[in-house]
Amino acid sequence: MTDLVIAALCLFAVWTGWRVFRVDSMVRASFSLMLSFVAVGAVGVVLSAPYIGIATIFMMAVEMMVMAIFMVMFMMNPAGLNPMVMVHQHRVAAVAGGLAFAGLAAAVLAADPPAARVATGTDTVAALGHELLGPSMLIFETAGVTLLATMVGAVILSSRRGRFGPADDGSRPPGLEPGGPPAGRQPEGGGGHHHHH
Amino acid sequence: MIGALLLLAVAATLAAGTLLAAWLDRRLAGGGGIASLAADWLAGPVRTEAPDDMNRRLAPAWYLALAAAGLCVVPFAPGHAAIDSPAGIAIWGACEALTVVVVFLHGWSPNAPFPLIGAYRYAAIGLPAMLPSMFVLIAAALPAESLSLVAIVDSQRGAWNVLRQPLGLPLFAVAILSLTLRGPMDYADGADIAGGTSAEEAGPARALWQAARLAMLVSACAMAATLFLGGPLGPVLPGPVWLWLKTAGMMAAILALGARIARPPPARMLGLVWTVLLPLSFLHLLISGVIAL
Amino acid sequence: MTTLVILSLWTALAAFAASRALPEAASTAPQAAPFLGGGTPDTHAWSRYHFRPYTMTLVFVAFEMEMMFMYPWAVVFVSEGPKALAEMGMFLAILSVGLLYGWREGVFAWE
Amino acid sequence: MSHLARLAATAPAPVFAAIGPGLAPAVERLLARPGLRRAATPREAALLLVAGAIPDRAAGALDRVHDQVPHPRRTVRWDGTGDIERALLDARADLLGGGESAPDRRPDAPPAPWRGKGDHGQGGEGMMGGTPYGRPMAMTGADIRDGLQLDRYTARVGPFAPMLPPGLVLEVTLQGDVIVAVEVQAPAFDQPAEADAPDLVAARMLRLLGLPGAADRVAAGGRPRAAGLLRAVPPGLVPVGGRDARDRLAGCLAGRSQEIEPPDLAALLPGLEWAEAMLALASLPPSSLAQEALAA
């Protein structure tokens, strides 16, 4: 029974994943991908990993929302009012897809999954928590700092508004004395946004 | 057997609660009421120019389904919920996240300017407004040592969370307002965009969307009652009755609150959410954590 | 499994109800035109929509991802005791740095 | 009459108002009555209230709004005299009892012919060309705030847009929800001095702040009984004569009427987000946006 449900969910995930490249609208494509991930999350729920499964759904809902926003923002013809082909460089794409599939399939076949069933009544969420606070503490903390770096990097790359003015004006700090050169370390040549006063 | 009974309770609560919410909405917040829902239902449908038909028809349905799914994790009696999952509050969190998607789709699908602005505004405010509610959910799980709402109810036998986590209920109220498109958090349906995501909706589709909004109010208020007011706990009366009473009280409070707070333009609210609500929810987690130890 | 069955049940029910209650509608051209208070648009509303707080969404996604770690952590908070409290302090500190940085750069605004 | 129709008959009648010269204050007070519901959009309405003599320049717009009301629908005209509430309720009861719906006034033709054109018959060519489903697609242009070259959406809003003073037609160009260009195509209709009354100006602002109940209370001479009114209005919004929108709201709530020199909308509105722009417009007395004011 469980196997059947998992097979159905996998088929649904593949089908919605395929739909991503068949629908013309960026919004439909984003949320097709979301449905695909929802099915993957549901597989997690069936496999006695309820938190990880639900968290996948949770995260993907948010992320695909953000992705839809950016897709519509930057893609030509975002609603697919004129039908179009969503796949480019067919041959390269086919080869890359085939290689990725073969690689992942090999990884799955080569992996040695634990054979023991999870005993009913095991609190897998608590086990996850103890793991995060115990052996995997370093990974957990590294992830925290990495995500902080992501936040800072995203802001630097995408924000026009800087502390010291618009980014395309160089966002230069004011001088230490009135009219003096900008405070702080000077960028070494080639910055492209030098202002010589 | 008990499972079927609980599912029935969810469906009945949602249906009766939606009617009660419509009535309260009319009395407390100047909303349309049950009769207006019927009037909308009888009006003719409108199909806009080149809309996304599928999403247009499904958005109200998904919204309703999310309200029902959210209500399923709420225990109707101590120890009994339709979905007694060890990841209960994460399921509710996922419903919150998917609500943003659904409201966005509702505004996107008619291919018209005002609904589109409403959809994007809602995404801008609804996404970060979810963060305080996540902190609230996490804080509620601390004393219970579980993500299950059944355990969260049990952990409140001594004292309700509304006392142990004083900032929780106000912060969660913001999330409820945002989930149900009401009052100061209703960025989907502003008057300056002629009703926003609903501006091009007429007939049964409009009635269904409005009903789904009210159903979500029932669900979110039941969740608030469970997280902070001990859910089905209470003397003399049976558990479900306590839950219904507390939920109805929350609904009235939220409707009255939503009708009495001004809604700033979205840019201003975005700043408020990140610089006021979020630091407050940090503080909330800290207080709850120290008290729980 | 029960979880999955119940959630799919609601989804299917709602979708079925919507497909029955909201039949395919058809409108005449003047009725279908978007409402602009009597005015007319030049183009379709669907476009490369300039979503103003785009930087905020990037900070938000990172924030959100970080918070997903906190759910399992909350479950073991009481049993792990002070260690978990220190952990939370660190986590909130990291998040606060992100928040402060974003605030200083003014990303929580309409660009 | 079915049970549902009988239930619907007890609901307040949803009315969308197309307001002509001279009747704005009367209609605003009329729609606050409990038997009527102010529809935010014609899609929500069953009745179209045409108040006053609509000038010829707005006749086409009136027909467009009329056709956007879903069936069954009815138009009720009002010249400012007689028991209009009775007339509206009678029309509503007749519609629910199976009365005939008003037919479209404009021809059933798409904004541009499209059927059969293009590779898939959708009226377009390539990615961005043609007029798919009858309208062209938006094209990119410069932005004022962050310089991203994304699509601009140009439309004429008004003269019966509920968030603008009746009669005012603005041709706005939006990028996202920020206004990048404005042209005033027609001024607001002339209204009696009562339209500038501080309580009505405050009520219009409160409605935009999401407080319809408070707006009705203020228009009826009461207190708003709501929190965060002034804080909700961003400081420094469209200052005219040294007073911004927040000062104007505070003045109106205190019952002070205001003299305002006509603002130059084409210069003031670009760069504002839509909600802020509408709030700023509502804070100005409508007479400052009427004919002679804008001509001066």
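Convention: sequence-line order gives letters A, B, ...; per-chain numbering from 1. Reckoned from all heavy atoms, side chains included, excluding hydrogens, waters and symmetry mates.
Other residues, nucleotides and ligands place more than 12 heavy atoms under 6.0 Å from the CE atom of A/M137. Sparse packing is recorded around CZ of A/F21, with 12 or fewer heavy atoms of other residues, nucleotides or ligands lying under 6.0 Å away.
Ring geometry for A/F70 versus A/F74: interplanar angle under 30°, hence parallel rather than tilted (30 to 60°).
Counting all heavy atoms, side chain and backbone alike, A/L9 lies closest to A/A39 at O-CB, 3.6 Å.
Proximity of D/V172 to D/L269: side-chain heavy atoms (C-beta onward) are nowhere separated by under 4.5 Å. Looking at heavy atoms from C-beta onward, A/T16 lies out of side-chain contact with A/F37 at the 4.5 angstrom threshold. Side-chain contact between D/L281 and D/L289 is present, with heavy atoms from C-beta onward closer than 4.5 Å.
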Distance-only donor-acceptor pairs under 3.5 Å across chain A and chain D:
{"from": "A/N77", "atom 1": "ND2", "to": "D/M127", "atom 2": "O", "distance (Å)": "3.3"}
{"from": "A/N82", "atom 1": "OD1", "to": "D/Q122", "atom 2": "NE2", "distance (Å)": "2.8"}
{"from": "A/N82", "atom 1": "ND2", "to": "D/G126", "atom 2": "O", "distance (Å)": "3.4"}
{"from": "A/N82", "atom 1": "ND2", "to": "D/M127", "atom 2": "O", "distance (Å)": "3.3"}
{"from": "A/N82", "atom 1": "ND2", "to": "D/G129", "atom 2": "O", "distance (Å)": "3.1"}
{"from": "A/R160", "atom 1": "NH1", "to": "D/R145", "atom 2": "O", "distance (Å)": "2.7"}

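Both the backbone and the side chain of D/M127 come within contact range of chain A, judged by heavy atoms closer than 4.5 Å. Using a 4.5 Å cut-off between heavy atoms, A/M84 touches chain D through its side chain atoms alone.
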